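Chain identifiers are assigned alphabetically (A, B, ...) following the order of the sequence lines, protein sequences preceding nucleic acid strands; residue numbering begins at 1 within each chain. Everything numeric in this text was worked out from a predicted model, so none of it was measured.
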2 protein chains.
Amino acid sequence: MAPSAITPPHTHAVQQASELTAAAVAKKLAETASSVARKPNGVEPTLAPLDASKLIFTKTTTPMTVPELGSPIIATASQCSDHMVTAVWKATTGWEAPELRPYGNLSLAPTASCLHYATECFEGMKMYRGYDGKLRLFRPDCNAKRMLMSATRISLPGFDPEELEKLMLAIVAVDGPKWLPKSRAGECLYLRPSMIGSAGALGVAAPKEATLFIIATFMPKLEQPKGLRLLASTEGIRAWPGGFGFAKVGANYGPTLMATKTAAERGYHQVLWLLDGQVTEAGASNLLVVWKTREGQLQLVTAPLDDKIILDGVTRRSVLQLAHERLANGSTGLEPIEIVERKYTMEEVADAVKEGRMVEAFACGTAFFVAPVCAIGYRETDLDIPMKRGDSGEYAHAIKTWLIDIMYGREQHGWGVIVEEKEEL
Amino acid sequence: MAPSAITPPHTHAVQQASELTAAAVAKKLAETASSVARKPNGVEPTLAPLDASKLIFTKTTTPMTVPELGSPIIATASQCSDHMVTAVWKATTGWEAPELRPYGNLSLAPTASCLHYATECFEGMKMYRGYDGKLRLFRPDCNAKRMLMSATRISLPGFDPEELEKLMLAIVAVDGPKWLPKSRAGECLYLRPSMIGSAGALGVAAPKEATLFIIATFMPKLEQPKGLRLLASTEGIRAWPGGFGFAKVGANYGPTLMATKTAAERGYHQVLWLLDGQVTEAGASNLLVVWKTREGQLQLVTAPLDDKIILDGVTRRSVLQLAHERLANGSTGLEPIEIVERKYTMEEVADAVKEGRMVEAFACGTAFFVAPVCAIGYRETDLDIPMKRGDSGEYAHAIKTWLIDIMYGREQHGWGVIVEEKEEL
């Protein structure tokens with residue numbers, strides 16, 4: 001009996017696996033939502049919920065020096081601010097009171113789950129010092145909710161995302177004034193909420209203890225003035241239906257480093273991850289292309305979320321929302337554009353380039369922000385992607401400008417959440 | 001233009017990705033092999049190699065008490081022995097002198113790569129106290145070589161596997177006499193060599209610092225007297241072509257915990273991971289089935305290594321080697337059996353059960369050892385797997401007995417590596 005004769009059709013099995021994983025995460029999220037409610041049916045929950053109002057603040061006694069802009073330490077992405085938030089969860093008691101305390105090393109048992117089984121997830125955000133002097137986070141609610149989803153997928157404990165958001169605001173309020181002062185309008189710091197399985201136990205099981213921490217660091221500017229050069233992946237696949245590509249878990253990152261290094265050695269900045277020939281993500285960012293269809297329709301195209309392969313990027317989501325609001329009807333002077341979330345292939349991209357229909361392409365994410373793409377290496381040749389403005393396409397430029405205006409307070413917008421700063425510290 | 005019209009055939013793309021990933025790992029391993037050679041062409045390497053002869057030994061001043069057999073602490077898989085091996089690698093200088101030092105927590109920057117990007121890999125081994133009083137490791141060379149492969153896949157530094165093996169032997173030699181004394185013949189301790197990206201830097205890149213550590217712990221016995229109950233995965237997939245299922249990296253474990261928990265809630269011990277309907281691994285173990293083909297041929301069947309989906313298990317490899325030597329020709333009194341490594345599907349397994357052709361099935365790995373399977377949940381029903389001896393099938397029993405005899409010194413065999421113990425400590 002040939003095995004292939006009874007193998008179910010690939011696409012069917014894949015679809016099923018994807019739906020079931022997504023459904024399982026959704027189910028657990030619903031359970032979490034009910035369990036973190038303070039008093040479901042008037043009954044106190046048995047496990048203590050994450051509660052930002054219990055935050056214990058211990059001020060550093062050894063404040064660090066803020067590096068000058070352009071200082072070499074910034075390129076190392078390791079200079080953190082004076083404080084960090086930590087919160088410990090135990091399976092028997094729930095969340096302990098979170099702490100805002102001096103930045104310092106974590107002490108972990110060599111048997112800690114996160115060191116062996118990648119029970120870890122994180123978020124990437126930035127705090128922005130506005131031109132109006134105010135300090136903002138950009139849609140922190142989106143990051144907090146995604147962190148809960150990622151934690152659920154990797155079997156770490158749940159929490160109320162609003163409480164996590166308050167903890168993010170707390171560290172920004174305390175360290176923002178010194179580390180991102182008003183004199184640095186237009187600059188940003190990177191905020192990294194993380195959760196790790198910190199239980200010391202080598203059994204392959206959901207950790208019985210977890211540690212949430214939030215740190216703030218300098219990050220080097222990742223923009224490429226001449227455009228990003230992407231190498232379409234031939235060395236591996238980042239994510240798969242029924243897997244975990246949609247979650248911001250450590251397991252999506254380490255395994256990509258080998259291919260990224262190979263791409264760098266060949267002169268590319270990032271890998272363009274393909275799956276079955278379909279375009280999924282660019283490095284750790286989402287990719288959007290602007291092309292004309294053969295019928296002449298101008299389209300902004302990006303991979304969809306429903307098959308759970310790619311990350312539901314906050315920047316991606318914001319780009320699409322702004323495009324719907326401001327680009328679809330042509331009110332901004334740019335030619336009206338149709339916004340399409342669908343599976344598309346690298347062959348389609350190559351055809352659009354070869355037939356002169358490609359208009360522009362750009363990656364977007366918190367780290368790379370909106371990064372115009374100038375070339376995609378594919379099948380041993382470079383496909384040149386137009387950048388009509390020299391350093392960017394017109395659509396990427398418009399969207400990037402709108403986002404910068406929101407982030408840095410030139411446009412007052414609900415996405416820019418102003419942080420009340422604790423100047424007295 | 002319909003995207004599906006130009007999507008390359010799935011199997012072709014997958015095959016290509018798989019081959020290229022494997023080739024990339026092989027290439028990097030070859031580079032490592034030449035770079036760790038002490039004096040290639042008579043020239044000292046620029047980066048210091050891992051060198052067990054430089055081991056610095058610091059004896060604990062606070063020795064711990066060895067728990068009684070059956071003590072509750074053993075079930076936590078967190079009781080380690082008095083010492084641990086650590087060795088730090090830096091991108092600029094290579095490997096520092098390894099240390100054998102008192103067991104204790106690791107101090108890690110909150111920005112450490114392993115806490116965010118799953119830059120981590122490990123090995124699972126055991127030390128065995130023989131019935132002849134001797135202490136043995138089982139094929140430690142296999143684990144050391146696999147650890148190098150895993151480290152390479154996850155962008156951690158290379159080393160000479162023989163040096164790692166010497167470090168494994170060093171901790172066993174020092175802690176074995178006390179923690180696995182001669183009075184405990186027939187018992188074992190678990191040995192966990194690990195490597196983590198310990199560089200504090202949030203950029204998504206290969207870590208510039210890594211820490212190797214080796215610890216020894218008690219592990220609870222995982223054997224199920226009535227047989228393992230497996231649940232064929234419908235919630236997700238473990239690994240995919242072009243991914244990293246073949247490497248013992250953390251990223252293969254954390255993402256499986258959600259499905260494992262669901263399986264446990266439904267009364268199963270482990271998940272049987274399928275990919276496209278094909279049987280791949282059982283929990284974190286390999287699976288072997290014994291069946292009769294419709295033509296009446298008795299076969300021992302297990303998934304192959306060449307598509308790089310499953311782990312190249314040391315127990316799996318040993319089982320297959322013993323089966324070839326001792327079972328293929330029927331010299332041991334059991335019916336001769338054909339040994340087959342090929343892709344096979346869950347439908348084939350179900351058919352064999354339904355048609356009365358299934359003889360037995362067992363999982364094998366270091367943690368579960370040789371674990372007979374009594375049932376597989378598949379499509380809402382349990383497929384009963386025969387266990388002819390009550391607690392095992394005949395083939396699993398024979399193989400398990402041979403392995404135990406080698407591990408515990410009843411049979412002198414090259415796979416059982418005797419450790420010279422440092423009784424004076």
Restricting to non-hydrogen atoms, name the atom on [X] and the atom on [Y] that form the minimum distance, rounded to 0.1 Å.
{"X": "A:C80", "Y": "B:T111", "result": "SG-CG2, 3.6 Å"}
{"X": "A:S155", "Y": "B:L257", "result": "OG-CB, 3.3 Å"}
{"X": "B:R192", "Y": "A:L202", "result": "NH1-CD2, 3.6 Å"}
{"X": "B:S78", "Y": "A:A201", "result": "CB-CA, 4.2 Å"}
{"X": "A:G243", "Y": "B:I237", "result": "N-CG1, 4.3 Å"}
{"X": "B:A77", "Y": "A:G203", "result": "CB-N, 3.8 Å"}

Picking from [options], which has the most non-hydrogen pairs under 4.5 angstrom with chain A?
{"options": "B:G283, B:A206, B:P110", "value": "B:P110"}
{"options": "B:V249, B:L115, B:V204", "value": "B:L115"}
{"options": "B:I154, B:T256, B:T119", "value": "B:I154"}

Go through the atoms of [X] and report whether side chain, backbone, both or neither lie under 4.5 Å from a heavy atom of chain A.
{"X": "B:C121", "value": "neither"}
{"X": "B:A109", "value": "both"}
{"X": "B:L275", "value": "side chain"}
{"X": "B:S107", "value": "both"}
{"X": "B:M84", "value": "side chain"}
{"X": "B:M346", "value": "neither"}

Q.
Please rank A:Y253, A:Y117, A:F122 by heavy-atom pairs under 4.5 Å with chain B and give me the top one.
A. A:Y117
**Q.** A:A239 portion near chain B, given a 4.5 angstrom heavy-atom threshold
**A.** backbone
Q | Proximal component of A:I215, with respect to chain B [non-hydrogen, under 4.5 Å] | A | side chain
**Q.** Approximate separation, where rounding is to 0.5 Å, of B:I196 CD1 and A:C114 SG
**A.** 8.5 Å
Q. Considering only heavy atoms from C-beta outward, does the side chain of A:P241 approach that of B:W240 to under 4.5 Å?
A. no
**Q.** B:F213: partners by ring pair (Phe, Tyr, Trp, His ring centres under 6.0 Å), with sequence neighbours left out
**A.** A:H116
(Q) More than 12 heavy atoms of other residues, nucleotides or ligands under 6.0 Å from NZ of B:K208: yes or no? (A) no
(Q) Could you go through B:L106 and A:L106, starting from their C-alpha distance and side-chain angles, then the distance that decides it, and tell me whether this counts as side chain to side chain contact (heavy atoms under 4.5 Å, CB included)? (A) CA-CA 8 Å; B:L106 298 169; A:L106 298 169; over 6 Å; no
